2 protein chains.
Amino acid sequence: MAKILVVDDEPDAVELVEFNLKNAGFEVVTAADGAEALKKARAALPDLIVLDLMIPEVDGLEVCKLLRRDAATAGIPILMLTAKAAEIDRVLGLELGADDYVTKPFSPRELMLRIKGLLRRRETTEAKAERMQFGDLVLDVPAHSLTVNNKRVELTATEFKLLTILAQRRGRVQSRDQLLKDVWEYDNVIDTRTVDTHMRRLREKLGKAAKHLDTVRGVGYRFVAG
Amino acid sequence: MAKILVVDDEPDAVELVEFNLKNAGFEVVTAADGAEALKKARAALPDLIVLDLMIPEVDGLEVCKLLRRDAATAGIPILMLTAKAAEIDRVLGLELGADDYVTKPFSPRELMLRIKGLLRRRETTEAKAERMQFGDLVLDVPAHSLTVNNKRVELTATEFKLLTILAQRRGRVQSRDQLLKDVWEYDNVIDTRTVDTHMRRLREKLGKAAKHLDTVRGVGYRFVAG
DNA sequence: CCCGTTCGTAACAAAGTCGTCACCGGCTTG
DNA sequence: CAAGCCGGTGACGACTTTGTTACGAACGGG
């Protein structure tokens, strides 16, 4: 079963979370401050980290950033606990890299749901991040190659990244702004119509397999697996 | 104001809770045993349920589980009343799904604080519901997709947003002005009759599932889960 | 340095969507 | 029971959004 690191300086909170997690069959590691959290995260390499925002030694946000910077821990989902709803924006904001949050006081039920959600999400996206197949469309990310009907299709770097991101988030609509942010990595500078043009080129190259690329009018684009 | 279902077989306890809740401006529904609780929960769709652990007919824990299983009531916060501190663990334990508890005998003040806490918490997290199912109607927000009877139904962006907001606030009537504010995001510019037209289009597309869309004459519209 | 590729922008046409209106029937109210 | 209000319905024109094509700038390799 999965291993979870719980970081909070309030013993009561830790105990409540720990109890629920163990009840659900998780292995639990705890830390009471930021320095300990970083050390244990690297040592135990947990599958998920529950991180309180307000902790001594090193602030929760700082811990978050540092964990992301270290290759060993960069991929671990982080669930933030925060007292103030107003802080949510910052927590989920660009560089901080938390994956989800729960505001204090939280119900154990909700916390468990979110933890399970994160673990499930990670499983489904991580396992298929490398090589994805949808019918006769095969997308091999590390190889940077795409085949349709066993025939190699050459994509440019931008086209490949666009297709990859859509495929990794298959089923969920991505707005043009979101795609600009993730594929082009900077916003506002580039016209959103650029996305359309690249989608057009992708569709052209994909031929029949372009059926996987859905337009959601007024919203954005979506990759459909079926 | 919020509607609260109080379940307890001791008339004195019910009366005490009811008195305090009504004093605070809540609407109160009561039930004296598990079977009645389940029935009234589905009928009244309260915003919160205060549930005694030891009740006749169907045990409190069982009621809790059953309420969670039904899509119509799954999201309602449950506050458990329990006589024994030792039972707390089981109550909050994973699958049982209570959100908080108060041990008997309790002070009315504490009970009220916990109720308000739960309601506040729900407000802040409710909007995050990602996927909702009501009978054969499945609304997947991130995918921006709706299926009725396992068949895909295409909605425009506005229709989808309208339906989503109604579904997220199911059970509560939304005035046309409120909907204009939340769906169209600006007020006064647009005619309120526009809402009617979009409701009409939604109903048309939903077919039989349009039964979830209630008109409340002179007030607005409401999504009903059952 | 030149040529070919790739990319972002612009312009236009086609398609889809939206808000309004007018009419009608039913419900409410006095 | 009659008048008035309210919501359902269908139609329509204006507007928005997207697909498509074309073009020039930026980039990179030879």
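Small disclaimer: the values here were computed from a predicted structure and weren't measured.
- Between A/Tyr221 and D/dT17, a side-chain N or O to OP1/OP2 separation shorter than 4.0 Å is absent.
- Contacts of B/Thr197 with the nucleic acid, taken as non-hydrogen atoms under 4.0 Å apart, include base atoms.
- Residue B/Trp184 places at least one side-chain N or O closer than 4.0 Å to OP1 or OP2 of C/dG19.
- In this structure, CZ of B/Arg176 is placed 15 Å from C1' of C/dG19, rounded to the nearest angstrom.
- Between B/Arg203 and the phosphate of D/dG8, there is a side-chain N or O to OP1/OP2 separation shorter than 4.0 Å.
- Regarding contacts with the backbone of C/dT17, every side-chain N or O of B/Thr156 stays at 4.0 angstrom or more from both OP1 and OP2.
- At whole-Å resolution of the value, CE in B/Met199 and P in C/dG19 are 15 Å apart.
- In terms of phosphate contacts, A/Thr215 brings no side-chain nitrogen or oxygen within less than 4.0 Å of OP1 or OP2 of D/dT18.
- Not one side-chain nitrogen or oxygen of A/Arg200 sits closer than 4.0 Å to the OP1 or OP2 atom of D/dT18.
- Atom CD of B/Glu10 sits in a crowded spot, with more than 12 heavy atoms from other residues, nucleotides or ligands closer than 6.0 Å.
- We find that CG of A/Asp196 is positioned 11 Å from P of D/dT17, with the value rounded to whole Å.
- In terms of phosphate contacts, A/Thr194 brings a side-chain nitrogen or oxygen within less than 4.0 Å of OP1 or OP2 of C/dT9.
- Atom CG of B/Leu206 and atom P of D/dG8 are 14 Å apart (whole Å).
- Taking CG of B/Leu206 as the reference point, atom CG of B/Leu213 lies at 5.5 Å (rounded to 0.5 Å).
- Straight-line distance from the CG atom of A/Leu180 to the P atom of C/dC7: 14 Å, rounded to whole Å.
- Between B/His144 and B/Phe160, the ring planes are parallel. Angles under 30° get that label, and only those over 60° would be called perpendicular.
- Remark: P of C/dT17 and CD1 of B/Ile190 are 17 Å apart, rounded to the nearest angstrom.
- Between B/Arg193 and the phosphate of D/dC6, there is no side-chain N or O to OP1/OP2 separation shorter than 4.0 Å.
- D/dT18 atom P lies 13 Å from atom CG of A/Asp214, rounded to whole Å.
- Judged purely by atom type and a 3.5 angstrom limit, A/Asn149 has no side-chain atom pairing as donor or acceptor with the backbone of A/Lys151.
- The interatomic distance linking A/Leu202 (CG) with D/dG19 (C1') rounds to 14 Å, in whole Å.
- A donor and an acceptor atom never sit less than 3.5 Å apart when one is taken from the side chain of B/Arg201 and the other from the base of C/dG16.
- A salt bridge is absent between B/Asp140 and A/Arg172; no separation between the charged side-chain nitrogens and carboxylate oxygens falls under 4.0 Å.
- For A/Arg217 against D/dT17, a side-chain N or O and a base N or O form a donor-acceptor pair under 3.5 Å.
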